[in-house]
Structure formats: structure tokens, C-alpha cells
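Worksheet: one structure, shown below.
Numbers restart at 1 for each chain; the letters A, B, ... are given by sequence-line order, proteins then strands.
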Amino acid sequence: MTIRPVPAQIDLPAMERSILDFWREHKIFEASTAARESSQPWTFYEGPPTANGMPGTHHIEARVFKDVFPRYQTMKGKYVTRKAGWDCHGLPVEIAVEKELGFSGKGDIEKYGIAAFNEKCRDSVTRHVGAFTSMTNRMGFWVDFDQAYWTMAPEYVESVWWSLKEIWKKGLLVQDHRVAPYCPRCGTGLSDHELAQGYETVTDPSVYVRFPVTSGELADLGAALLVWTTTPWTLVSNTAIAVHPEVDYVVAEVTAEDAKEILIVAQPLLSALTGEVKALKIVKGRDLERVTYQRPLDLIDIPDSHFVVLADYVTTEDGTGLVHQSPAFGADDLAVCRAYGLPVVNPIAPNGTFLSEVPLVGGLFFKDADKTLVKELKSRGVLYKHQPYEHPYPHCWRCHTALIYYAQPSWYIRTTSIKDELIRENNRTNWYPETIKTGRYGDWLNNNIDWALSRNRYWGTPLPIWRCEEKHEVCVDSLKELGDLAGKELSKLDPHRPFVDDITFPCATCGKEMVRVPEVIDCWYDSGAMPFAQWGYPHKPGSVEKFKAAYPADFICEAIDQTRGWFYTLMTIGTLVFDQSSYKNVLCLGHILDKDGRKMSKHLGNVIEPIALMDQHGADAVRWYMLAAGSPWSARRVGHDAISDVVRKTLLTYWNTISFHTLYAQSSNFDISQIPAVKDRSMMDHWILSELNSLIAEVDQAYSEFDSHSAGRVLARFIDDLSNWYVRRSRRRFWDGDLAALGTLHECLVTLTQLLSPMVPFITEHVWQELVKPADAAAADSVHLTDFPIADKDQVNLELNAQVALTRRIVELGRAARAESAIKIRQPLQRALISAPGWAKLPKDMRGQIADELNVIDLADIADADGDLVNISIKANFKTLGAKYGKSVQEISKAIATADATPLVKQLRRSGLAKVGDWEIELSDLVVTEVPKSGWMVASHEGESVALDLALTQSLIDAGNVREVIRFIQERRKSDGFEISDRIKVRWNVDPAIAAAIADAAAHISDEVLALEFTHDQTLPAGENDLGISVVLVKT
RNA sequence: GGGCCCAUAGCUCAGCCUGGUUAGAGCGCUUCCCUGAUAAGGAAGAGGUCGGUGGUUCAAGUCCACCUGGGCCCA
């Protein structure tokens, strides 16, 4: 066959570009799924990215993991379709367009026209999708863009409508007036999961304000209720003060700066008072109920109010234990005040400013009014204390405006009513890592609150509810149903604002005109509806079958911030509509951090652009780093150095081994049909095949558990074993064109390439085309069209693995001794003595390798050496002794340390038992180290030792010189540019003192350097090296 | 304020579930070796209070409690 050598150096990014062309031209992705069409499906759902900006490095992270497991499952024989998706609607897109157009709020949008504005939003989405597509292609994420779902597509919107109607029919989609977080700039309420994304730490004024009591005996005392708040602007609409019924409140006489006053605070919070404090009396919170007070500000009219109310939610953790109530701006406040029949007064307009008719603060933005109000409180003498207070406060996650908790009408999905079902579905879900299930996500479900679904915005799925003056409601599930109601053909209508707003029809109940409610829905609902809406279910022909075949998903994967986002909406909508969660396995990724462990943000200037990263290091490099350099679920740092390190270590070693193999495969006309049967191969071959088959099982297991980190670790270890032990130890066999060696290496590389291919699809494809296809006409056209390797347990030989490990440890010790001795490895030594458990059983082959690696002629067991030559030292093996004797181990250890080691070990070896002090021990209770007494260079570690005989004889020195000459000629062959198989003629000269020894070894040297002639030419000038070697090489 | 995760060499990470007395690997640094994969490979050295404190135990990086710092989430 025709394996051609590949260069040892590789330009990864350039290679990747040609592989991308190859995949495109040969439609490999399409072929990989088409081949499995009749197999069992393994369903993947793509969480749609919001196409409102350029893709970042965190997008690569998620996409690497979304790619590797579908590739693996495809190789395992599953049918894995990968439908791309784009999240098109929502505030992020609107904000981006507003910025583009220079708008500053909803007024500008309405002036501009909703139709035109939405058209701009549509354009913006389309534009950004391009950037995502090219990044996705570049990184080798196989996903089908041709059939991508777009949440703004009419069929998608209709599918969402259908699901909303299902929920509405169950009575779970309702309008309610509630206090909810609201962005005054965007003019819309935010859902709980949006709120979660926008906490920022701010410094607010925190004020302690006196509310003088105006009724009862406390009024006679001149007492004042002391209230603490961090939102002075809500004092304008103060309606009541809440206390906890069971808490003790202290009526305290406070003396500070010669002034006396009487203040009321909760007992645990007495420390809020400054100065000398004397408790006059203590009252229960419930006894304060309906006590009236003088409010601190009287800017607006609030009738029938201003007294103390009782509320269980009041805490004594901070403040004063007295909580001022402003029902328009707090959910708890609203509930409590409603119970007391108090009015809801709201002096703030939807744009966040005080109504113009309010004195003092009219027209001011609510947060900006704090300063003015604090000044006013001070001048009225009711301000007790004032200090800055740093705390997290919710902000709009996109525009960063401080949110206001604001009473407003809003549409809700009653998710609280399916809480039990959600918990049931969560219990059936496999979370990776597992802790999320009962931890972060489980907690969230347990504290579930209703989903605030509606948004008072423009670019979103319109809420498909029409209503008449009499509040009769109809929910529409499709354009067809809408057309039937309106008596028009509407199937071609764009189901967005403002077009759907224009459709009206008479109410079936009262005959009055029905108009659509003005809201659009939370775009998180759109993405959570993708399991069915991506097919246009149930309206579109064929969608029912497609949906049923692909629900629920076997695999979804996003970063951990999606626990309250997509992971939640997906499960919730699935459970609401189908009484079943939409996914079975969910992989939850850690976040991407910069090289110093900080979050990447434009603000810090530490953002790494994904395309640049891949152009510099290669997509495989970035992928390998993301997958293997840390656990999927822990946060990972990304930096250039970190990536180039892992590339050099693993990918280039792998590539080097490929390059090595192609070199010798070509020079020996390697033909896979000539590979000997496994049983006829050498022990080294058996060993690496044993490791290979263990590896297959380990990688298979790791991939199946979404643990790319473990897979990467065992793969990297195998690459190291293969390159730095198997190939290194078998080099001579490759030079000789040994078919067993070439065949074994080839088989290892083929399988390794397959195992690596889900993680690093480019370089493995390149290898497949360069190494596998040329050698095997029957091989698949692409590595990505192959079946995942199956481990052959019969080839796994744990004893052999252990023996090779021992061999390698002995070699390491020998090298250490060599280095210590300062005698170059090139210089042969007569013998080495070895002491190690297991040494006696080590096969001859491996002993030969040790001798070879250490360049030693004889190896012997230290035990066989003259008894006087060896020192035995022993220490306690705590693990076995501890199990047997527990507490006494320290004493035994001392006894062992002072025992005479040599006779003790001899006795143990003879009889198996011996006594140390009062304790009976076995040989395994000791760690025995044997070292020669003198004249030897010794290295030992954990009971294994190697000793080198440093005595040099003339024949050893001669042998060393011969080896030096061989090395010199080999180097010259290379620098002169000969092919490894070229035969040469050699003329040589060396220092006369060693010439005879070189001449004697002429046959051996000729053989090693492929010389047909080897002539001593004394006319050559001496070379500038230790032995004065000079050579002239001529190609024959 | 609450929950979860993390903390081991300058850096990236193993080891912890199942406790055992010299805590490992790779990268980087210094010195040396090897040379038919060579922009590879090997050895040695420097570099660790295993975040801190306490507890359990004959024995703690490993088990337990508390604390500190970082990340994420919630309020």
C-alpha cells in the first residue's frame, strides 16, 4: 500500500482548514448521521444562543461539549440528529437595536413605529447569526444549520401559541396584579430568572427615621417608632409600619449629647441606638397593633392609614424590627396592607419618575430622589441616623438600570401548582455533576414561585389572548384559529406585533369587540418550548411523528447559569404541557475565566476572541484544552500559555508518533495484510495491546458519563506510554521493518485515532486520511464514519502491565544511578544488581530491555550476589501492621528499626514468620531495601533498588568508543541528508589510540549504519571531538 | 443573610470516596545525559506549613466541625 511519510512538524490551523474543506466536499457530517438513520436515536437539543452580539469564548466551551458526546454516541451506533437553533426574540435584541438607533425608551420606539422597529430587530438577529455560524464551523461543531429552528419563525410562534393555550385551558395562565421587579427604562417587568442575572452591589443611603406615636399611652410618653429603610424614596408613599407579633419591643429612654428622647425598637436590635439607653418597658409586637403615628413626609394624600400592623415576615436580623410599609413597592407590603384594607398609593410613573404633581420630588427618577428626601427628613427633625449601606440590589440584566419593585398587572403561569410534578421530574433526571440535582436546582424548585410571563415590549412572541370589555377571554392556538374567529384568511399573517394587534373580532359571549392583550412573552419561554416548537408541533405536517421520536432529549448541555434559565424553562414547559420533563441527562458546565481566574468581561479587557484563539492554536487545541484540562463542571481558566502547553504535550506527541510510523511504514513497504497474528507477536506488542484494550474500556466509560476530563487523562497517558516506551523500546524493530512491530503500532494508532476523534476531530481526520486510508482500502472514508472500538478483554493482561511498570521503574532507578555516577550511558558497564519484589518473575525480554536502556551487560538479583556485598535495611509496613496490631504499630516500628535486619529478613524468607519484640510478623510487614555495600552506585525507592558496577575494563571502554563512532556516523548521515534506507560507503579516521578497536568492530558498525564499505583512511584529518573522529560518507 | 462548588509546587492538575509515615505528574527554571522521532526523549536539582484552626485515630492531604479566601446561585 502507499503510506507516505508525513512531516514531524504540523501547522494545526492550516491542516484544519483543509479538513473543513474535505468534510464539506464529501458531506461527512451528513453521511455520519445518514448511516445511523435506522438505529436507535440519541436525542440532543441545542440550547439556542441569542443572536444579539458576537460569539465569545464561553460559546466555544458549551459548543465543544455539545459536539463531543453526540460524536461519541454516533460512533456507538446511535442516530444523533443535531438541529441548530437561534433564539431571536427578547429584550437583548431590542436593546441592541435601540442603541443602534439612538433611542432612549419606549416612547422613541412607538414614534418610530412598531412594525419598522421589529423589522430592525429581525435584521439584527439575521446579521449576528452569520458570526455564530462561522465560529461554529471553524471549531468543528457539527450541527445542522440548514434545518435550524428560529424562534421568530411563524410556525415556531404558532407552536408556542398552541402550548400556551394548553396551559391556559388548564387555568394556569392568568393575569394578576402583583408587585414584581420592573425596569423603568425598558418599561417592563422582569421574571425571576432574569432578576437573578442582574444583582449588582450598590451603596444606598440607609436611614433610621422617627415616627412619633400619636395614640395611647406611648403618645403621652412622647415616644417615637424607629424605622430603618434603605429606600428613602418609598417613605413618600408610606402607609403603615409592620412589627412582628411575637417579638419584644423596647420602649427606651435614650440620652445622647444631653438630649433625651424615647424610641421604640425590637429588643434584639437595641444596638441600633446610640448613647445611653434605659429600657422603660417592654411590649410584645402584637400589643402595638393599630397604634397610630405621625408620618415623616406628607407630600401626597393617603387616607385612612398610618398605624402599626402585624406581619410574620418581619425579622430582627437588621434594622430596628419595625418595617415601614409601602404597598405599591413591595410584595410583602402589598399582602400585609391588603389584609388591613389599606389603600395602594403609587406616586411613581411607569418611567420610574415621581408624578409631576408630587411636591419636592415631582419628575425626579425614584433613586435620584433619595438625596432630596434625606435632606427633607433632616430638616423636619425626624432623621435619627443616616449612613451609607452597601448591599446587592437588582438591576436590569441588559441595561443595568436599578429595578423597582412595582405593582402592575402581569400575566403569570402558575408553576407553583405543578411544584410536585416538577420535583418528581427532577428526581428522574440525571445531573452531571450530581450535586446540582438536590443542591442548586432542587432548592430552586422547592422555593418555586409563579412564572411572570408577560413583557410590555415589542419584539417577542405576542401573548395570544384576546379579551373584550367584559373580560371574556379567548386564547388562540394558531393563525388558522385566529382567522376562523376573525372570519378572514390569516395563514400568511406575520404573527408578531403590530400585525396581530390589528386583528379583532366580536366576543362569542357578549358580542363586544375582542382585542389582543398588549403584552408579548418572556423569550425564555420561546427557548424552553423548542422540543416541540422546533418542529412546528402540532400544526405542521409530520411534526407529530418527529416530536414523538425525539422527546425527551437524552442530552442537553449548557453552563451552570442556565439552572434557572433554560434548564428550568425546558423542564417546566415540558411538565406543564406533556407532564414529562424534556430531558433525561443534563451536563452542567463550569464557567470560563481568564488566565488569572477572573470572569471575562469587556470591562476588564480580558476577553479572548474565539476565532483568534483558534487561528493561533488550532480548534483541536482549544477543544482538547476545554475537554481535558479540567473537569467539565468546574470553572476553567483560559489563556494562551495554558493551551499551547497541552497541545505540545499531547497532540504533538501523538502527531510525532504518527510521523514516526509513516516513515518506517513507507521504507519497509508496510502492508497490513502481512501483519502476524497477535499470538505470534512479542511481549512488548502484547503489552501495548493490553494497555490499548484497557484504554478502550476506560475511554468508553468516561465518555458515557460525560467525563471528558477522565477520558483525556487516560488518553494522554496512553499516548505517553506508546511514544515514550513502546516506540522507544521497539525502535530497532522498526528500523528492521519488523511487521509485528509495524502492525502493532499501526493497530494502536488506528484505534487511538478513533478514541480521540470525538474530542479532536481535525487532526484525527487528517491522520485517518494520511495513515489509515492509504494502508487499508476497506477503511471508512472518514474516521467519523467508523464504529467506536470495542475492547477485547482477552488481550488485557494485568500481570504483563504490572511487569512493564516494574521494568520502567527499574530503568528509572538505573538512570538515576547512572546520572549520579557521571558515567555516560553511551559507556557500557559490566553489571547491575537489582532488588525488587517481582524481579524474580520478570521475563527475559524485559530484563533485556533494562540492560539495554541502562547499557549494562549483565543483570543479577542482589540476593544472588555474595552475601557480604549486600546491606539490608528494613522499615515497618504500617498498612499491614496497623491492620493487625492497631495501637502498637509505633512500638513495633521502633522495634523493627532497631532489629538486626539481615538475619531477620533471612529468617522471614526461610520460615515466613519471625518475632520482633513481642510481636509476630511476616515478610509483608516489612519494607525491605537491599543495597550493595561499596564500590557500587545505588539508587533505591520504596523497597526497589538498582546498583551499578562502576568498574571499567578495556573491552568496556572499547565498546563505548564503538558506540560513539556509530552515533557520530548516524548524525552525519542525517546532516548529509541521506534517506534512512540509503546504503553508504564510509571512510573514517580516529585517534590512533582507539583505531584498532574501531577496526575490530567494523562489521558491527557497518551493520548499524548501513555501510557497504567501511575503510580506515588515515589521510583524513582528525575531527574536533573527544575521539578525533572524522568520516566521509558516500551514497552507493 | 442562605445554599452549592472549589482551595495540593511559580502555573495546570492527579491523589481524598476506601486514612498508613519520603504527597505525585506535566509545564516552566537550573545542570547534566541521550541522539536513525531531534523544535523530541531521559536524569538530577530548586520549588509544598496539601488555605487556617480544632477534633476523631496508633496514624489525617485523605474522615468530622468551625473559620478564611475564591467562584456560582439565591434573597
Side-chain angles (χ1 to χ4, degrees), chain A residues 8-9 192-193 195-197 199 315 317-318 391-392 394 433 435-436 438-444 447 559-561 563-564 588 590-591 593 595 597-599 625 628-631 633-637 639 641-646 648-650 652-653 655-664 667 709-710 713 716-717 720 723-725 727-728 731-732 734-735 811-820 822-826 853 855 875-883 885-893 927 939 941-942 966-971 973-974 978-981 1008-1010:
Chain A
Q9 282 85 42
D192 231 48
H193 40 260
L195 185 71
Q197 304 189 32
Y199 274 83
T315 70
E317 274 168 12
D318 46 23
H391 65 144
T435 50
I436 308 277
T438 50
R440 181 175 294 198
Y441 190 76
D443 287 348
W444 162 252
N447 299 314
I560 191 160
D561 53 297
T563 32
R564 322 284 161 118
C588 211
H591 275 124
L593 304 172
K595 64 177 168 52
R598 292 173 306 177
K599 220 170 155 170
Y625 180 77
S631 141
W633 32 84
S634 58
R636 92 199 59 242
R637 300 179 181 195
D641 293 345
I643 291 177
S644 57
D645 279 356
V646 299
R648 213 176 23 229
K649 184 61 199 155
T650 306
L652 292 189
T653 305
W655 178 251
N656 244 307
T657 310
I658 299 292
S659 167
F660 176 90
H661 178 53
T662 58
L663 190 64
Y664 291 99
S667 68
H709 184 211
S710 294
R713 208 170 44 236
R717 195 194 60 215
D720 189 66
S723 167
N724 291 326
W725 192 251
V727 169
R728 178 185 165 78
R731 266 191 282 213
R732 181 159 296 268
F734 292 104
W735 306 340
V811 168
E812 268 177 41
L813 285 170
R815 283 184 187 137
R818 270 281 189 174
E820 186 78 8
I823 297 178
K824 294 182 172 187
I825 289 178
R826 212 180 291 154
E853 281 286 319
N855 199 13
K875 56 181 187 172
N877 178 355
F878 281 87
K879 191 157 192 172
T880 58
L881 285 171
Y885 295 113
K887 239 175 231 209
S888 315
V889 283
Q890 301 300 345
E891 258 179 278
I892 301 175
S893 167
V927 177
H941 181 73
E942 289 181 353
I966 293 170
R967 186 197 66 80
F968 188 86
I969 297 171
Q970 301 289 33
E971 201 164 274
R973 277 185 65 111
K974 182 145 196 150
F978 294 112
E979 295 296 316
I980 55 163
S981 56
E1008 289 290 309
V1009 304
L1010 304 183

- Message: Check this one for me: any side-chain N or O of R728(A) less than 4.0 Å away from OP1 or OP2 of rG41(B)?
- Response: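 So the side-chain polar atoms of R728(A) never come under 4.0 Å of the phosphate oxygens OP1 or OP2 of rG41(B).
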
- Query: Do any side-chain nitrogens or oxygens of R731(A) fall under 4.0 Å of OP1 or OP2 in rA37(B)?
  - Reply: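 Checking R731(A) against rA37(B): at least one side-chain N or O falls below 4.0 Å of OP1 or OP2.
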
By the 4.0 Å heavy-atom rule, please label [X] as base, sugar-phosphate, or nothing.
| X | answer |
| --- | --- |
| L1010(A) | base |
| V811(A) | nothing |
| T657(A) | base |
| H709(A) | sugar-phosphate |

- Counter-base of rA43(B), judged by Watson-Crick or G-U geometry with both distances under 3.5 Å: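 Partner of rA43(B): rU31(B).
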
- Query: Of the candidate nucleotides rG20(B), rA37(B), rA14(B), which contains the atom at the shortest distance from the side chain of R713(A)?
  - Reply: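 In terms of side-chain proximity for R713(A), the closest of rG20(B), rA37(B), rA14(B) is rA14(B).
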
- Message: Heavy atoms from C-beta onward define the side chain here; which of rU21(B), rA37(B), rU35(B) lies closest to that of F878(A)?
- Response: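 For F878(A), the side-chain atoms sit closest to rU21(B).
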
- Task: For rU22(B) and rU18(B), measure between their P atoms and round to the nearest Å.
- Result: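 So the two P atoms sit 25 Å from each other.
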
- On a whole-Å scale, what distance lies between the P atoms belonging to rC67(B) and rA25(B)?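 Each nucleotide's P atom is 36 Å from the other's.
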
Measure from [atom1] on [X] to [atom2] on [N] and round the result to the nearest Å.
| X | N | atom1 | atom2 | answer |
| --- | --- | --- | --- | --- |
| E1008(A) | rU35(B) | CD | P | 12 Å |
| R973(A) | rA37(B) | CZ | P | 12 Å |
| Y441(A) | rC4(B) | OH | P | 19 Å |

- Message: Ignoring hydrogens and geometry beyond distance, is the side chain of T653(A) in donor-acceptor contact with the base of rA40(B) at under 3.5 Å?
- Response: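 Check fails, no donor-acceptor contact within cut-off.
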
